[in-house]
Amino acid sequence: MTEWFGGGMESIDQTIAAVCTATPAEGSPSRSIVRISGPEAFNIIEDLCRSLRRIDGRGIHHASIELNGATLDAIIYAFPAPHSYTGQDVAELHLEAPQVVVEAVLAQILLRCRQARPGEFTLRAYLSGRMDLTQAEAVAQVVSAGNRLQLEAARRMLEGRLSETLNACCEELLNLLSEIEAGLDFSTEDIPSIPVDQAIEQLIGIQDRIQSILDQSIHGEELMDLPSVGLAGLPNAGKSSLMNALLGRPRSLVSPVAQTTRDVLETEWILPHGRCVLFDCAGLLNQTRPDDILAELAQRAAEDALRSASILLFCADGSKPDWSQDLVLFRGLARPQTLVVMTQQDRWTQTTNQVLARAHKIFDRPCIAVSAKTGAGIDELPSRVDALLLQRQRDSAGSDRLALTERHRQSIRSALTALRQAQRELLDGHDEVAAMLLRSAVEQLAPTPSEPIDERVLGRIFSRFCIGK
Ligand SMILES: Nc1nc2c(ncn2[C@@H]2O[C@H](COP(=O)(O)OP(=O)(O)OP(=O)(O)O)[C@@H](O)[C@H]2O)c(=O)[nH]1
Ligand SMILES: [Mg+2]
(Lines give C-alpha, C1' and ligand atoms only; values in the text may rest on other atoms or scores of the structure.)
(Ligands and ions follow the chains in the order given, each with its own letter.)
Protein backbone atom coordinates (compact mmCIF):
# COMPACT_ATOMS: atom_id res chain seq x y z
CA MET A 1 0.00 0.00 0.00
CA THR A 2 2.60 2.51 1.07
CA GLU A 3 4.39 1.24 -2.01
CA TRP A 4 1.45 2.24 -4.11
CA PHE A 5 1.50 5.69 -2.64
CA GLY A 6 5.28 5.78 -3.24
CA GLY A 7 5.53 9.30 -4.62
CA GLY A 8 3.26 10.69 -1.89
CA MET A 9 0.50 13.20 -2.22
CA GLU A 10 2.70 15.86 -3.83
CA SER A 11 2.67 13.87 -7.04
CA ILE A 12 -0.78 15.24 -7.84
CA ASP A 13 1.00 18.09 -9.65
CA GLN A 14 2.74 15.71 -12.00
CA THR A 15 1.15 14.91 -15.34
CA ILE A 16 0.24 11.24 -15.71
CA ALA A 17 -0.85 9.09 -18.63
CA ALA A 18 -2.09 5.55 -19.25
CA VAL A 19 -4.14 3.48 -21.63
CA CYS A 20 -7.55 3.39 -19.99
CA THR A 21 -9.34 0.81 -22.13
CA ALA A 22 -9.19 -2.93 -21.58
CA THR A 23 -6.80 -4.83 -23.83
CA PRO A 24 -8.87 -6.17 -26.75
CA ALA A 25 -8.70 -9.79 -27.82
CA GLU A 26 -5.75 -10.48 -30.08
CA GLY A 27 -6.37 -9.47 -33.68
CA SER A 28 -9.65 -7.70 -32.99
CA PRO A 29 -9.57 -4.04 -34.01
CA SER A 30 -10.97 -1.71 -31.40
CA ARG A 31 -10.75 1.80 -30.13
CA SER A 32 -8.16 2.45 -27.45
CA ILE A 33 -8.14 5.49 -25.23
CA VAL A 34 -4.98 7.03 -23.84
CA ARG A 35 -5.80 9.40 -20.99
CA ILE A 36 -3.48 12.19 -19.88
CA SER A 37 -4.18 14.23 -16.76
CA GLY A 38 -2.30 17.14 -15.26
CA PRO A 39 -0.94 20.59 -16.03
CA GLU A 40 1.05 19.40 -19.07
CA ALA A 41 -1.75 17.35 -20.65
CA PHE A 42 -2.64 19.79 -23.43
CA ASN A 43 0.98 20.75 -24.22
CA ILE A 44 1.91 17.11 -24.62
CA ILE A 45 -0.98 16.47 -26.98
CA GLU A 46 -0.28 19.61 -29.02
CA ASP A 47 3.34 18.54 -29.51
CA LEU A 48 2.36 14.97 -30.37
CA CYS A 49 -0.24 16.02 -32.94
CA ARG A 50 1.49 18.59 -35.10
CA SER A 51 -1.66 19.34 -37.10
CA LEU A 52 -3.52 20.39 -33.97
CA ARG A 53 -4.28 24.01 -33.19
CA ARG A 54 -3.89 25.21 -29.62
CA ILE A 55 -6.39 23.55 -27.29
CA ASP A 56 -8.23 26.40 -25.63
CA GLY A 57 -11.34 24.84 -24.24
CA ARG A 58 -13.51 21.79 -24.04
CA GLY A 59 -13.81 20.14 -27.46
CA ILE A 60 -13.24 17.32 -29.88
CA HIS A 61 -10.41 17.57 -32.41
CA HIS A 62 -9.42 15.41 -35.35
CA ALA A 63 -5.66 15.13 -35.57
CA SER A 64 -2.86 13.05 -36.97
CA ILE A 65 0.17 11.63 -35.22
CA GLU A 66 3.53 11.01 -36.89
CA LEU A 67 4.96 7.76 -35.63
CA ASN A 68 8.11 6.19 -37.09
CA GLY A 69 7.41 7.69 -40.51
CA ALA A 70 3.76 6.58 -40.55
CA THR A 71 0.75 8.84 -40.05
CA LEU A 72 -1.97 7.82 -37.64
CA ASP A 73 -5.46 9.34 -37.33
CA ALA A 74 -6.62 10.21 -33.85
CA ILE A 75 -9.52 11.95 -32.16
CA ILE A 76 -8.66 14.15 -29.22
CA TYR A 77 -11.16 14.95 -26.48
CA ALA A 78 -10.11 17.91 -24.38
CA PHE A 79 -11.57 18.48 -20.91
CA PRO A 80 -10.11 21.58 -19.24
CA ALA A 81 -9.98 21.76 -15.44
CA PRO A 82 -12.10 21.63 -13.37
CA HIS A 83 -14.73 19.99 -15.59
CA SER A 84 -13.01 16.68 -16.19
CA TYR A 85 -12.94 13.23 -14.60
CA THR A 86 -9.93 14.11 -12.46
CA GLY A 87 -10.74 17.79 -12.00
CA GLN A 88 -7.46 18.61 -13.84
CA ASP A 89 -6.78 19.30 -17.52
CA VAL A 90 -7.50 15.97 -19.19
CA ALA A 91 -6.80 14.99 -22.78
CA GLU A 92 -8.07 11.72 -24.16
CA LEU A 93 -6.54 10.32 -27.30
CA HIS A 94 -8.87 7.91 -29.11
CA LEU A 95 -7.06 5.62 -31.51
CA GLU A 96 -8.32 2.96 -33.85
CA ALA A 97 -5.11 0.97 -34.00
CA PRO A 98 -3.51 -2.34 -33.01
CA GLN A 99 -2.31 -2.65 -29.44
CA VAL A 100 1.39 -2.39 -30.36
CA VAL A 101 0.78 0.95 -32.08
CA VAL A 102 -1.18 2.23 -29.07
CA GLU A 103 1.70 1.17 -26.82
CA ALA A 104 4.14 3.03 -29.10
CA VAL A 105 2.04 6.21 -28.89
CA LEU A 106 1.90 5.89 -25.10
CA ALA A 107 5.68 5.45 -25.03
CA GLN A 108 6.00 8.77 -26.93
CA ILE A 109 3.74 10.47 -24.39
CA LEU A 110 5.62 8.96 -21.45
CA LEU A 111 8.77 10.77 -22.60
CA ARG A 112 7.05 13.92 -21.26
CA CYS A 113 5.16 12.63 -18.22
CA ARG A 114 4.92 9.56 -16.05
CA GLN A 115 2.82 6.39 -16.20
CA ALA A 116 -0.31 6.58 -14.02
CA ARG A 117 -0.43 4.12 -11.13
CA PRO A 118 -3.46 1.87 -10.68
CA GLY A 119 -6.43 3.99 -9.63
CA GLU A 120 -4.49 7.24 -9.83
CA PHE A 121 -6.98 9.03 -12.12
CA THR A 122 -9.78 8.19 -9.70
CA LEU A 123 -7.63 9.20 -6.72
CA ARG A 124 -7.23 12.61 -8.35
CA ALA A 125 -10.97 12.80 -8.98
CA TYR A 126 -11.49 12.15 -5.30
CA LEU A 127 -8.79 14.59 -4.13
CA SER A 128 -10.20 17.36 -6.31
CA GLY A 129 -13.66 16.77 -4.88
CA ARG A 130 -15.10 15.39 -8.14
CA MET A 131 -16.42 12.31 -6.38
CA ASP A 132 -16.81 11.15 -2.83
CA LEU A 133 -15.00 8.19 -1.37
CA THR A 134 -18.02 5.95 -1.71
CA GLN A 135 -18.27 6.64 -5.41
CA ALA A 136 -14.53 6.11 -5.84
CA GLU A 137 -14.87 2.73 -4.17
CA ALA A 138 -17.74 1.92 -6.47
CA VAL A 139 -15.53 2.65 -9.47
CA ALA A 140 -13.06 0.15 -8.01
CA GLN A 141 -15.84 -2.38 -7.77
CA VAL A 142 -17.04 -1.78 -11.32
CA VAL A 143 -13.49 -2.17 -12.55
CA SER A 144 -12.98 -5.45 -10.74
CA ALA A 145 -16.53 -6.78 -10.96
CA GLY A 146 -16.44 -10.33 -12.22
CA ASN A 147 -20.04 -10.71 -13.27
CA ARG A 148 -23.29 -8.96 -14.05
CA LEU A 149 -24.75 -9.06 -10.53
CA GLN A 150 -21.58 -7.72 -8.97
CA LEU A 151 -21.69 -4.95 -11.52
CA GLU A 152 -25.27 -4.02 -10.66
CA ALA A 153 -24.57 -3.77 -6.94
CA ALA A 154 -21.47 -1.70 -7.58
CA ARG A 155 -23.38 0.57 -9.92
CA ARG A 156 -26.03 1.25 -7.29
CA MET A 157 -23.22 2.40 -5.06
CA LEU A 158 -21.75 4.53 -7.83
CA GLU A 159 -25.07 6.25 -8.34
CA GLY A 160 -24.52 7.59 -4.88
CA ARG A 161 -27.23 5.62 -3.10
CA LEU A 162 -25.16 5.09 0.01
CA SER A 163 -23.96 8.70 0.12
CA GLU A 164 -27.54 9.86 -0.39
CA THR A 165 -28.92 7.75 2.47
CA LEU A 166 -26.11 8.62 4.87
CA ASN A 167 -26.21 12.29 3.93
CA ALA A 168 -29.90 12.42 4.83
CA CYS A 169 -29.08 10.96 8.26
CA CYS A 170 -26.24 13.45 8.69
CA GLU A 171 -28.55 16.34 7.83
CA GLU A 172 -30.95 15.26 10.55
CA LEU A 173 -28.13 14.77 13.04
CA LEU A 174 -26.78 18.25 12.27
CA ASN A 175 -30.23 19.74 12.83
CA LEU A 176 -30.51 18.00 16.15
CA LEU A 177 -26.99 19.04 17.04
CA SER A 178 -27.69 22.68 16.27
CA GLU A 179 -30.72 22.62 18.53
CA ILE A 180 -28.76 21.06 21.39
CA GLU A 181 -25.86 23.45 20.87
CA ALA A 182 -28.18 26.43 20.70
CA GLY A 183 -29.39 25.41 24.15
CA LEU A 184 -25.78 25.26 25.37
CA ASP A 185 -24.65 28.57 23.86
CA PHE A 186 -27.57 30.56 25.08
CA SER A 187 -28.30 28.68 28.25
CA THR A 188 -27.77 31.78 30.34
CA GLU A 189 -30.24 33.66 28.20
CA ASP A 190 -33.82 32.71 27.86
CA ILE A 191 -33.68 30.36 24.85
CA PRO A 192 -35.19 26.99 25.70
CA SER A 193 -33.19 24.01 24.45
CA ILE A 194 -34.96 21.10 22.73
CA PRO A 195 -36.84 18.91 25.25
CA VAL A 196 -34.84 15.81 26.13
CA ASP A 197 -37.55 13.32 25.21
CA GLN A 198 -37.94 14.91 21.78
CA ALA A 199 -34.19 14.86 21.17
CA ILE A 200 -34.01 11.22 22.21
CA GLU A 201 -36.91 10.26 20.01
CA GLN A 202 -35.22 11.85 17.01
CA LEU A 203 -31.96 10.17 17.89
CA ILE A 204 -33.57 6.74 18.10
CA GLY A 205 -35.22 7.27 14.70
CA ILE A 206 -31.86 8.10 13.11
CA GLN A 207 -30.18 5.12 14.79
CA ASP A 208 -32.87 2.78 13.46
CA ARG A 209 -32.38 4.04 9.94
CA ILE A 210 -28.60 3.68 10.10
CA GLN A 211 -28.92 0.22 11.65
CA SER A 212 -31.21 -0.88 8.84
CA ILE A 213 -28.61 0.19 6.25
CA LEU A 214 -26.16 -2.13 8.00
CA ASP A 215 -28.66 -4.98 8.35
CA GLN A 216 -29.76 -4.93 4.73
CA SER A 217 -26.36 -4.36 3.19
CA ILE A 218 -24.29 -6.80 1.21
CA HIS A 219 -20.60 -7.22 1.89
CA GLY A 220 -18.82 -5.25 -0.83
CA GLU A 221 -15.77 -7.45 -0.45
CA GLU A 222 -17.91 -10.51 -0.97
CA LEU A 223 -19.14 -9.02 -4.22
CA MET A 224 -15.68 -8.16 -5.36
CA ASP A 225 -14.16 -11.50 -4.53
CA LEU A 226 -14.85 -14.05 -7.18
CA PRO A 227 -16.99 -16.97 -6.07
CA SER A 228 -15.01 -20.16 -5.51
CA VAL A 229 -15.70 -23.69 -6.66
CA GLY A 230 -13.87 -26.49 -4.84
CA LEU A 231 -13.18 -30.06 -5.93
CA ALA A 232 -13.85 -32.39 -3.03
CA GLY A 233 -13.63 -36.16 -2.63
CA LEU A 234 -11.54 -39.07 -1.39
CA PRO A 235 -7.93 -39.43 -2.58
CA ASN A 236 -7.74 -40.79 -6.13
CA ALA A 237 -11.36 -39.84 -6.87
CA GLY A 238 -10.08 -38.07 -9.97
CA LYS A 239 -10.30 -34.45 -8.78
CA SER A 240 -7.05 -33.22 -10.30
CA SER A 241 -7.82 -34.98 -13.58
CA LEU A 242 -11.23 -33.29 -13.61
CA MET A 243 -9.69 -29.88 -12.94
CA ASN A 244 -7.31 -30.32 -15.86
CA ALA A 245 -10.12 -31.51 -18.13
CA LEU A 246 -12.29 -28.51 -17.20
CA LEU A 247 -9.47 -26.09 -17.92
CA GLY A 248 -8.24 -27.89 -21.01
CA ARG A 249 -4.66 -27.79 -19.73
CA PRO A 250 -2.57 -29.62 -17.13
CA ARG A 251 -2.79 -27.42 -14.04
CA SER A 252 -2.73 -30.05 -11.32
CA LEU A 253 -0.47 -33.07 -10.95
CA VAL A 254 -2.18 -36.42 -11.59
CA SER A 255 -0.92 -39.85 -10.50
CA PRO A 256 -2.25 -43.28 -9.53
CA VAL A 257 -0.70 -42.77 -6.08
CA ALA A 258 -3.29 -41.72 -3.50
CA GLN A 259 -2.76 -38.32 -1.82
CA THR A 260 -0.91 -36.82 -4.77
CA THR A 261 -2.31 -33.31 -4.34
CA ARG A 262 -1.12 -31.54 -1.19
CA ASP A 263 -1.58 -27.83 -1.80
CA VAL A 264 -4.71 -25.91 -2.62
CA LEU A 265 -4.32 -25.06 -6.30
CA GLU A 266 -6.42 -22.17 -7.51
CA THR A 267 -7.11 -21.03 -11.01
CA GLU A 268 -9.54 -18.74 -12.77
CA TRP A 269 -12.42 -20.51 -14.52
CA ILE A 270 -14.52 -18.66 -17.09
CA LEU A 271 -18.23 -19.51 -16.99
CA PRO A 272 -21.07 -18.28 -19.24
CA HIS A 273 -22.12 -15.47 -16.85
CA GLY A 274 -18.88 -14.60 -15.15
CA ARG A 275 -15.68 -15.83 -13.68
CA CYS A 276 -14.95 -17.90 -10.60
CA VAL A 277 -11.98 -19.42 -8.84
CA LEU A 278 -11.76 -23.17 -9.33
CA PHE A 279 -9.56 -24.98 -6.85
CA ASP A 280 -8.18 -28.46 -6.39
CA CYS A 281 -6.94 -29.72 -3.04
CA ALA A 282 -5.90 -32.85 -1.19
CA GLY A 283 -8.36 -35.73 -1.16
CA LEU A 284 -10.00 -35.85 2.26
CA LEU A 285 -9.45 -38.87 4.52
CA ASN A 286 -12.14 -40.21 6.75
CA GLN A 287 -9.60 -41.23 9.38
CA THR A 288 -9.11 -38.71 12.16
CA ARG A 289 -5.31 -38.73 12.32
CA PRO A 290 -3.42 -38.69 9.03
CA ASP A 291 -0.19 -40.70 8.83
CA ASP A 292 2.30 -37.87 8.71
CA ILE A 293 2.61 -34.16 9.26
CA LEU A 294 2.51 -33.35 5.53
CA ALA A 295 -0.71 -35.24 5.10
CA GLU A 296 -2.13 -33.54 8.17
CA LEU A 297 -1.25 -30.08 6.84
CA ALA A 298 -2.72 -30.96 3.45
CA GLN A 299 -5.93 -32.15 5.12
CA ARG A 300 -6.28 -28.97 7.13
CA ALA A 301 -5.66 -26.76 4.09
CA ALA A 302 -8.22 -28.70 2.06
CA GLU A 303 -10.85 -28.60 4.83
CA ASP A 304 -10.41 -24.83 5.28
CA ALA A 305 -10.62 -24.13 1.57
CA LEU A 306 -13.67 -26.35 1.06
CA ARG A 307 -15.45 -24.86 4.05
CA SER A 308 -15.29 -21.39 2.53
CA ALA A 309 -16.04 -22.46 -1.05
CA SER A 310 -19.20 -21.11 -2.67
CA ILE A 311 -19.90 -24.38 -4.47
CA LEU A 312 -18.53 -27.92 -4.17
CA LEU A 313 -17.99 -30.43 -6.93
CA PHE A 314 -18.00 -33.65 -4.96
CA CYS A 315 -16.10 -36.29 -6.95
CA ALA A 316 -16.53 -40.03 -6.49
CA ASP A 317 -14.92 -42.72 -8.63
CA GLY A 318 -17.92 -44.21 -10.45
CA SER A 319 -16.04 -47.38 -11.35
CA LYS A 320 -15.91 -48.52 -7.69
CA PRO A 321 -18.40 -51.13 -6.55
CA ASP A 322 -18.84 -49.51 -3.14
CA TRP A 323 -19.19 -45.80 -2.26
CA SER A 324 -19.71 -46.10 1.49
CA GLN A 325 -16.47 -44.24 2.29
CA ASP A 326 -17.43 -41.54 -0.23
CA LEU A 327 -20.83 -41.25 1.43
CA VAL A 328 -19.33 -40.72 4.90
CA LEU A 329 -17.22 -37.90 3.53
CA PHE A 330 -20.09 -36.47 1.50
CA ARG A 331 -22.36 -36.31 4.55
CA GLY A 332 -19.73 -34.34 6.42
CA LEU A 333 -19.31 -31.83 3.60
CA ALA A 334 -22.48 -31.55 1.58
CA ARG A 335 -24.68 -28.48 1.43
CA PRO A 336 -27.32 -27.38 -1.04
CA GLN A 337 -24.75 -26.07 -3.50
CA THR A 338 -22.95 -29.36 -4.01
CA LEU A 339 -22.89 -31.14 -7.35
CA VAL A 340 -22.04 -34.85 -7.22
CA VAL A 341 -19.77 -35.86 -10.07
CA MET A 342 -19.23 -39.55 -10.78
CA THR A 343 -15.80 -39.77 -12.38
CA GLN A 344 -13.81 -42.10 -14.62
CA GLN A 345 -16.84 -43.09 -16.68
CA ASP A 346 -14.66 -44.72 -19.34
CA ARG A 347 -13.79 -47.41 -16.79
CA TRP A 348 -17.33 -48.25 -15.69
CA THR A 349 -18.41 -51.84 -16.21
CA GLN A 350 -22.10 -51.08 -15.77
CA THR A 351 -24.03 -48.77 -18.12
CA THR A 352 -24.03 -45.02 -17.37
CA ASN A 353 -27.73 -45.14 -16.47
CA GLN A 354 -27.19 -48.00 -14.03
CA VAL A 355 -24.31 -46.26 -12.26
CA LEU A 356 -26.13 -42.92 -12.11
CA ALA A 357 -29.28 -44.55 -10.73
CA ARG A 358 -27.25 -46.28 -8.00
CA ALA A 359 -25.39 -43.04 -7.21
CA HIS A 360 -28.64 -41.05 -7.08
CA LYS A 361 -29.97 -43.44 -4.45
CA ILE A 362 -26.83 -43.29 -2.32
CA PHE A 363 -26.09 -39.54 -2.52
CA ASP A 364 -29.77 -38.67 -2.58
CA ARG A 365 -29.52 -36.29 -5.52
CA PRO A 366 -29.05 -36.48 -9.31
CA CYS A 367 -25.40 -37.06 -10.20
CA ILE A 368 -23.35 -36.20 -13.28
CA ALA A 369 -21.20 -38.72 -15.16
CA VAL A 370 -17.82 -37.57 -16.47
CA SER A 371 -14.62 -38.96 -17.86
CA ALA A 372 -11.51 -36.81 -17.74
CA LYS A 373 -9.94 -39.26 -20.18
CA THR A 374 -12.52 -39.15 -22.99
CA GLY A 375 -14.02 -35.76 -22.12
CA ALA A 376 -17.53 -37.23 -21.73
CA GLY A 377 -19.80 -35.03 -19.60
CA ILE A 378 -17.13 -32.36 -19.09
CA ASP A 379 -18.95 -29.77 -21.23
CA GLU A 380 -22.02 -30.02 -19.02
CA LEU A 381 -20.26 -28.84 -15.86
CA PRO A 382 -19.63 -25.14 -16.65
CA SER A 383 -23.32 -24.44 -17.29
CA ARG A 384 -24.38 -26.43 -14.19
CA VAL A 385 -21.97 -24.51 -11.94
CA ASP A 386 -22.91 -21.24 -13.64
CA ALA A 387 -26.61 -21.80 -12.89
CA LEU A 388 -25.83 -22.53 -9.22
CA LEU A 389 -23.69 -19.42 -8.90
CA LEU A 390 -26.33 -17.22 -10.48
CA GLN A 391 -28.93 -18.59 -8.10
CA ARG A 392 -26.63 -18.03 -5.14
CA GLN A 393 -26.00 -14.42 -6.15
CA ARG A 394 -29.68 -13.77 -6.73
CA ASP A 395 -30.39 -15.09 -3.24
CA SER A 396 -27.75 -12.94 -1.60
CA ALA A 397 -28.09 -9.76 -3.67
CA GLY A 398 -31.60 -8.42 -3.22
CA SER A 399 -32.54 -5.92 -5.89
CA ASP A 400 -31.94 -2.70 -3.99
CA ARG A 401 -29.56 -3.63 -1.23
CA LEU A 402 -26.43 -1.56 -0.94
CA ALA A 403 -22.93 -2.94 -1.13
CA LEU A 404 -20.88 -1.80 1.85
CA THR A 405 -17.16 -2.26 2.10
CA GLU A 406 -15.55 -3.07 5.46
CA ARG A 407 -14.51 0.59 5.74
CA HIS A 408 -18.15 1.72 5.46
CA ARG A 409 -19.21 -0.88 7.95
CA GLN A 410 -16.63 0.24 10.50
CA SER A 411 -17.57 3.92 10.14
CA ILE A 412 -21.26 3.16 10.46
CA ARG A 413 -20.69 0.95 13.52
CA SER A 414 -18.58 3.66 15.21
CA ALA A 415 -21.25 6.24 14.40
CA LEU A 416 -23.89 4.01 15.97
CA THR A 417 -21.79 3.54 19.10
CA ALA A 418 -21.37 7.30 19.38
CA LEU A 419 -25.11 7.84 18.91
CA ARG A 420 -26.03 5.31 21.60
CA GLN A 421 -23.61 6.95 24.00
CA ALA A 422 -24.99 10.39 23.09
CA GLN A 423 -28.45 9.12 23.95
CA ARG A 424 -27.29 8.11 27.45
CA GLU A 425 -25.51 11.43 28.00
CA LEU A 426 -28.64 13.34 26.97
CA LEU A 427 -30.67 11.38 29.49
CA ASP A 428 -28.14 12.21 32.20
CA GLY A 429 -28.36 15.88 31.29
CA HIS A 430 -24.81 16.05 29.90
CA ASP A 431 -25.76 17.96 26.75
CA GLU A 432 -22.23 19.13 26.04
CA VAL A 433 -20.84 15.59 25.96
CA ALA A 434 -23.82 14.47 23.88
CA ALA A 435 -23.14 17.24 21.36
CA MET A 436 -19.52 16.16 21.07
CA LEU A 437 -20.58 12.56 20.43
CA LEU A 438 -23.10 13.63 17.80
CA ARG A 439 -20.35 15.56 16.02
CA SER A 440 -18.15 12.52 16.00
CA ALA A 441 -21.01 10.43 14.57
CA VAL A 442 -21.50 12.96 11.75
CA GLU A 443 -17.77 12.79 11.00
CA GLN A 444 -17.93 9.02 10.82
CA LEU A 445 -20.88 9.04 8.49
CA ALA A 446 -19.84 11.78 6.12
CA PRO A 447 -16.16 11.83 5.25
CA THR A 448 -15.80 14.67 2.75
CA PRO A 449 -12.74 15.33 0.60
CA SER A 450 -11.81 18.36 2.68
CA GLU A 451 -11.40 16.26 5.79
CA PRO A 452 -8.06 14.61 6.34
CA ILE A 453 -8.43 10.91 5.74
CA ASP A 454 -5.79 8.44 6.68
CA GLU A 455 -3.48 7.94 3.71
CA ARG A 456 -3.42 4.23 4.33
CA VAL A 457 -7.18 4.02 3.95
CA LEU A 458 -7.00 5.96 0.70
CA GLY A 459 -4.21 3.84 -0.62
CA ARG A 460 -6.00 0.62 0.21
CA ILE A 461 -9.03 1.74 -1.74
CA PHE A 462 -7.29 3.12 -4.78
CA SER A 463 -4.74 0.36 -5.11
CA ARG A 464 -7.57 -2.00 -6.04
CA PHE A 465 -8.00 -0.21 -9.34
CA CYS A 466 -6.24 -1.20 -12.49
CA ILE A 467 -3.98 1.18 -14.36
CA GLY A 468 -5.88 3.70 -16.44
CA LYS A 469 -8.75 4.13 -14.01
N1 LIG B 1 -9.35 -43.98 -17.06
C2 LIG B 1 -9.47 -42.89 -16.33
N3 LIG B 1 -8.63 -42.65 -15.32
C4 LIG B 1 -8.76 -41.53 -14.57
C5 LIG B 1 -9.78 -40.59 -14.85
N6 LIG B 1 -9.67 -39.60 -13.93
C7 LIG B 1 -8.63 -39.91 -13.14
N8 LIG B 1 -8.08 -41.07 -13.52
C9 LIG B 1 -6.91 -41.73 -12.90
O10 LIG B 1 -7.15 -41.86 -11.51
C11 LIG B 1 -5.94 -41.67 -10.78
C12 LIG B 1 -6.15 -40.57 -9.76
O13 LIG B 1 -6.43 -39.36 -10.45
P14 LIG B 1 -6.19 -37.93 -9.81
O15 LIG B 1 -6.80 -36.96 -10.72
O16 LIG B 1 -4.77 -37.73 -9.44
O17 LIG B 1 -7.05 -38.08 -8.49
P18 LIG B 1 -7.19 -37.06 -7.25
O19 LIG B 1 -8.57 -37.14 -6.78
O20 LIG B 1 -6.69 -35.74 -7.65
O21 LIG B 1 -6.23 -37.72 -6.18
P22 LIG B 1 -5.49 -37.06 -4.93
O23 LIG B 1 -4.79 -35.84 -5.40
O24 LIG B 1 -4.55 -38.10 -4.49
O25 LIG B 1 -6.51 -36.79 -3.92
C26 LIG B 1 -4.87 -41.32 -11.82
O27 LIG B 1 -4.14 -42.47 -12.12
C28 LIG B 1 -5.68 -40.87 -13.03
O29 LIG B 1 -5.02 -41.11 -14.25
C30 LIG B 1 -10.67 -40.87 -15.92
O31 LIG B 1 -11.60 -40.11 -16.22
N32 LIG B 1 -10.46 -42.02 -16.61
MG1 LIG C 1 -5.19 -34.63 -6.91
Side-chain angles (χ1 to χ4, degrees), residues 228-269 277-309 311-334 338-356 358-359 362-363 367-382 384-385:
S228 60
V229 179
L231 291 157
L234 291 173
N236 265 356
K239 301 176 295 297
S240 302
S241 307
L242 179 59
M243 171 144 178
N244 296 342
L246 288 170
L247 298 174
R249 64 188 161 85
R251 170 74 175 86
S252 189
L253 209 63
V254 168
S255 95
V257 179
Q259 301 187 53
T260 300
T261 309
R262 300 285 179 146
D263 289 324
V264 177
L265 292 173
E266 294 185 339
T267 188
E268 189 180 63
W269 190 23
V277 174
L278 176 67
F279 70 87
D280 183 20
C281 54
L284 293 178
L285 303 161
N286 281 324
Q287 73 205 62
T288 40
R289 279 216 73 76
D291 310 327
D292 59 69
I293 180 70
L294 259 179
E296 195 173 334
L297 289 174
Q299 289 292 300
R300 249 187 264 151
E303 281 164 10
D304 287 349
L306 291 170
R307 204 172 301 126
S308 57
I311 286 180
L312 296 185
L313 293 180
F314 185 85
C315 302
D317 179 353
S319 66
K320 291 195 306 191
D322 174 22
W323 298 311
S324 47
Q325 284 296 319
D326 302 79
L327 185 61
V328 172
L329 188 60
F330 176 76
R331 287 211 173 117
L333 282 175
T338 301
L339 287 177
V340 178
V341 183
M342 304 307 292
T343 64
Q344 317 197 21
Q345 188 219 26
D346 57 289
R347 296 177 50 222
W348 296 359
T349 46
Q350 288 183 303
T351 67
T352 302
N353 282 346
Q354 280 171 329
V355 175
L356 288 184
R358 247 179 45 195
I362 294 205
F363 296 106
C367 305
I368 304 163
V370 301
S371 164
K373 192 173 174 187
T374 65
I378 297 292
D379 287 349
E380 197 191 326
L381 281 175
R384 294 287 294 271
V385 172

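Counting convention: from 1, in listed order, for ligands and their atoms alike. Here, residue 1 is the first one in the sequence, and each next residue gets the next number. No experiment lies behind these values; they were computed from the predicted model shown. Reckoned from all heavy atoms, side chains included, excluding hydrogens, waters and symmetry mates.
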May I ask whether G233 has any heavy atom positioned less than 4.0 angstrom from an atom of ligand 1?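 Per 4.0 Å heavy-atom rule, G233 does not contact ligand 1.
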Proximity flag N236 to ligand 1, non-hydrogen atoms under 4.0 Å: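 True for this residue.
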Should [X] be counted as touching ligand 1, given the test is an N or O pair under 3.5 Å?
X: G238; answer: yes
X: D280; answer: no
X: R347; answer: no
X: G283; answer: yes
X: A372; answer: yes
X: A237; answer: yes

Look only at the side chain of [X] and the backbone of [Y], and say whether a donor-acceptor pair between them is shorter than 3.5 Å.
X: E380; Y: G377; result: no
X: Q299; Y: L285; result: yes
X: D280; Y: L265; result: no
X: K239; Y: L234; result: yes
X: S371; Y: Q344; result: no
X: W323; Y: D317; result: yes

Report yes or no: do T374 and Q345 form a side-chain donor-acceptor pair below 3.5 Å?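 No, no side-chain donor-acceptor pair sits under 3.5 Å.
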Taking atom types as modelled and ignoring hydrogens, do the side chains of N353 and T351 form a donor-acceptor contact shorter than 3.5 angstrom?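 No, because no side-chain N or O of N353 sits under 3.5 Å from a partner of the opposite role on T351.
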Given [options], which one has a non-hydrogen atom that is nearest to [atom]?
atom: atom 3 (N) of ligand 1; options: K239, Q345, R262, Q344; value: Q344
atom: atom 14 (P) of ligand 1; options: A298, S371, S241, A302; value: S241
atom: atom 28 (C) of ligand 1; options: V254, T343, L253; value: V254

I'd like to check which ligand 1 atoms, numbered from 1 as shown, lie under 4.0 Å from a non-hydrogen atom of [X].
X: D346; value: 1 (N), 2 (C), 30 (C), 31 (O), 32 (N)
X: Q259; value: 24 (O)
X: K373; value: 1 (N), 30 (C), 31 (O), 32 (N)

Given D326, which partner from the list R358, R331, K320 fulfils the salt bridge (charged side-chain N to carboxylate O under 4.0 Å, His left out) test?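 Answer to the salt bridge (charged side-chain N to carboxylate O under 4.0 Å, His left out) test with D326 among R358, R331, K320: K320.
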Within 2.8 Å of the Mg ion (ligand 2), is there any N, O or S atom belonging to M243?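 Checking M243: none of its N, O or S atoms is under 2.8 Å.
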Counting backbone and side-chain atoms alike, does S241 have an N/O/S atom under 2.8 Å from the Mg ion (ligand 2)?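 So S241 does not count as coordinating the Mg ion (ligand 2).
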Look at [atom] and say which protein heavy atom is nearest, naming residue and atom and giving the distance to 0.1 Å.
atom: atom 26 (C) of ligand 1; result: S255 O, 3.5 Å
atom: atom 23 (O) of ligand 1; result: T261 OG1, 2.8 Å
atom: atom 20 (O) of ligand 1; result: S240 OG, 2.8 Å

Ring-plane angle category for F314 and F330, please: parallel below 30°, perpendicular beyond 60°, tilted otherwise.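 Rings of F314 and F330: perpendicular, as their planes differ by over 60°.
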Of the non-hydrogen atoms in M243 and R251, which two are nearest, and what is the gap between them?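 Closest approach of M243 to R251, heavy atoms only: CE-CG, 3.7 Å.
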Where is the tightest heavy-atom contact between L231 and L306, given as atom of each residue plus distance?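 Result for this residue pair: O-CD2, 3.9 Å.
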